[in-house]
Amino acid sequence: MHPYRTHTCGELRIDHVSQTVRISGWVFRKRDHGQLLFIDLRDHYGLTQVVIHPDKAFLEDCQRVRSESVIIVTGKVVARSQDTINEALPTGRIEVMAESVTVESLADPLPFQIAVEDDGPEETRLKYRFLDLRRDHLHKNILLRSQIIASLRRRMIGHGFTEFQTPILTSSSPEGARDYLVPSRVHPGKFYALPQAPQQFKQLLMVAGFDRYFQIAPCFRDEDARADRSPGEFYQLDLEMSYVTQDDVFAVVEDVIHGVFGEFSKLTMDKPPFTRIPYAEAMVKYGSDKPDLRIPIEIRDVSDIFRASKFNAFRAVVDKGGVVRAIPVKGIAGKSRSFFDKLVEYAQSLGSKGLAYLVWEGGVVKGPIVKFLSEDEIKALAACGDMVEGDVMFFVSDMAGAANKISGAIRVKLGADLELIPKDVFRFCWIVDFPMFEYDEETRSIGFSHNPFSMPQGGMKALLEQDPLTIKAFQYDIVCNGVELSSGAIRNHSPELMYKAFEIAGYPPDEVDKRFGGMINAFKLGAPPHGGIAPGVDRMVMLLAGESNIREVIAFPMNQKAQDLMMNAPNTVMDKQLRELHLKLDLPKEGK
RNA sequence: GGGGACGUAGCUCAAUUGGUUAGAGCGCUGCCCUGUCACGGCAGAGGUCGCGGGUUCGAGCCCCGUCGUCCCCGCCA
């Protein structure tokens with residue numbers, strides 16, 4: 001007989017009855033009747049009830065053994081009597097009558113209970129992650145993650161893609177996020193960087209003629225965390241295709257994403273082709289480039305109505321080149337004063353000067369700003385938002401960027417607070433036509449708004465003749481339920497176009513050669529048109545697992561401050577290691 | 001870097017308006033219990049009320065500071 005098990009804890013059924021078996025696992029629950037002891041033995045596969053009768057010498061040992069100890073049980077499978085069958089368990093029609101028990105690993109009292117889900121402060125859960133992972137909920141999430149990744153691989157290979165590995169130790173790039181740096185021992189003063197994404201490598205694989213690349217790619221970015229963004233590292237389904245248009249990329253991604261979501265979720269979901277929303281439209285209508293289409297509220301631009309208005313606060317903003325945005329909401333006129341007050345407070349916390357609103361109630365229009373508005377203006381606003389009795393229209397006025405952000409956040413908050421978000425649906429969309437360049441207030445200069453390697457729409461003609469801020473790129477995002485799954489682009493594979501685009505963004509040719517020489521040189525030696533995208537794996541799993549926090553789908557996540565509380569990373573190193581790496585520390589003063 | 005919420009037993013939480021010895025459930029320890037499946041019963045241990053300072057006759061509760069965790073803004077092409 002195998003030293004540990006002949007069967008798993010999820011395996012035994014009524015047709016195993018009368019067999020002598022051996023199972024191993026963790027003591028999940030004990031029910032001690034003094035002369036009779038039940039142990040629910042748990043392993044990865046399930047739960048089996050072990051019964052220990054009073055004539056057994058090991059009864060006392062088993063009574064003493066604490067939860068989560070590992071034991072090996074040998075015994076006979078017996079059918080449970082009709083009145084003791086547990087229909088809730090797949091193994092509930094049988095039990096194992098113990099004939100011998102070995103305590104393999106005794107557990108101390110635990111910092112939190114395994115049998116109680118969603119229990120324990122996150123700090124402790126992270127420190128004892130291996131315990132948290134024993135709990136059914138997290139255990140299932142991590143399994144789901146594995147299954148999703150297997151399915152993604154299968155689907156990508158089915159579409160003719162080849163999986164590659166690309167370097168983890170690579171060079172720092174000036175664009176994008178902060179890099180994680182790795183000092184070189186062999187080259188004093190020089191550093192590797194961990195890849196923010198395998199962007200250049202995948203493009204070089206296209207130049208190398210592999211046609212279709214994919215990778216479940218680890219990406220490293222030294223930026224602060226969010227609920228849907230784990231600090232430090234995350235995974236992307238990175239893909240790139242040669243000789244394709246934007247539509248070709250969309251077709252593949254829609255098939256893979258819709259397929260995988262359909263495979264792992266029963267929720268209803270948009271069918272391909274997914275709605276395509278130009279960036280500019282999304283920013284006005286939803287105040288976001290990752291709109292949650294489940295929320296049935298659409299923001300309107302009403303700047304023109306206030307352009308000649310007597311309401312100075314708004315007119316002045318419009319005069320300065322700002323905008324007024326209206327958020328029409330159905331049937332909430334009856335909400336309490338504090339509902340509106342809290343919303344105003346929320347708007348202010350986002351940096352808004354205030355939050356005006358009009359209420360259509362009792363056949364009249366009320367609200368703090370109604371006295372400043374003419375009848376025609378109110379009529380125009382009503383028409384614009386299809387306002388009827390019981391409706392409310394909120395107003396945000398600011399420069400376009402801030403107004404978008406604030407109105408978008410209010411739209412999302414209203415959706416959540418008013419419970420307007422259906423929980424049983426996945427709404428997908430593409431955001432297309434991202435601007436190629438944007439004005440950076442901080443540096444007072446023009447920079448790339450997204451990926452510098454994107455192909456500008458209109459090509460060289462656009463770069464030469466158009467106001468850079470009006471040039472769009474073949475740059476796109478795929479969004480699901482307000483979560484940005486991914487950014488992608490048709491790439492710029494022409495050296496001339498590349499130099500020109502970088503010139504507009506303030507990089508002279510020799511700088512481009514220095515930073516991106518590898519890729520530019522490649523493009524001078526025969527480069528196929530190509531494009532791709534990189535959906536975030538963690539976020540997909542999060543959506544499919546129904547989690548709102550990304551740590552719930554990562555086996556060993558770091559906390560918000562990018563610390564691994566279990567492994568104690570980051571940590572100091574020995575002086576010898578520093579010396580070998582030619583590093584001297586220059587630490588901030590103690591205490592603040 | 002900024003804003004918000006939270007911090008009471010190992011865990012989840014309670015503690016009236018500032019008022020006696022800070023409570024309950026789970027877990028833990030001991031005892032009882034032969035059909036439970038969140039078994040049940042009895043008893044017990046366990047607390048720097050995150051930390052420091054202040055106000056007060058008196059602080060878990062009020063004030064100031066600080067630390068920690070999470071959420072958000074900035075940041076993340």
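The chains referred to below are lettered A, B, ... by the order of the sequence lines, with proteins before strands, and numbering in each begins at 1.
Rounded to whole Å, the distance from CZ on Phe112(A) to C1' on C13(B) is 18 Å. Whole-Å rounding puts the Ile446(A) CD1 to A77(B) P distance at 20 Å. The separation between Glu60(A) atom CD and C32(B) atom P is 10 Å, rounded to whole Å. Taking atom CZ of residue Arg125(A) and atom C1' of nucleotide U12(B), one finds them 14 Å apart after rounding to whole Å.
Using P as the reference atom, U36(B) and G47(B) are 38 Å apart when rounded to the nearest Å. Spacing between G54(B) and U16(B) at atom P, rounded to whole Å, works out to 25 Å. Comparing G68(B) with G50(B), their P atoms are spaced 16 Å from each other, to the whole Å. Rounded to the nearest Å, the gap between the C1' atom of A45(B) and that of G4(B) is 39 Å. A gap of 11 Å separates the P atoms of G3(B) and G65(B), to the nearest Å. Here the separation of G18(B) from A24(B), taken at their P atoms, is 25 Å to the nearest Å.
Looking only at distances, a side-chain donor or acceptor of Gln457(A) sits under 3.5 Å from a matching main-chain atom of Ala473(A).
Residue Arg551(A) places at least one side-chain N or O under 4.0 Å from the OP1 or OP2 atom of C71(B).
Scanning atom types as modelled, no donor and acceptor separated by under 3.5 angstrom connect the side chain of Asp83(A) and the base of G35(B).
Using a cutoff of 4.0 Å between basic side-chain nitrogens and carboxylate oxygens, Glu233(A) and Arg221(A) are not scored as salt-bridged.
With Pro218(A) as the fixed residue, the side chain to side chain contact (heavy atoms under 4.5 Å, CB included) test singles out one of Ile168(A), Leu194(A), Asp238(A), Thr166(A): Ile168(A). Each of Ile23(A), Thr48(A), Val21(A), Thr91(A) was scored for a side chain to side chain contact (heavy atoms under 4.5 Å, CB included) with Val77(A), with one residue passing: Val21(A).
Residue ring and nucleobase are stacked for His33(A) and C39(B), with a centre distance beneath 5.5 angstrom and an angle between planes beneath 30°.
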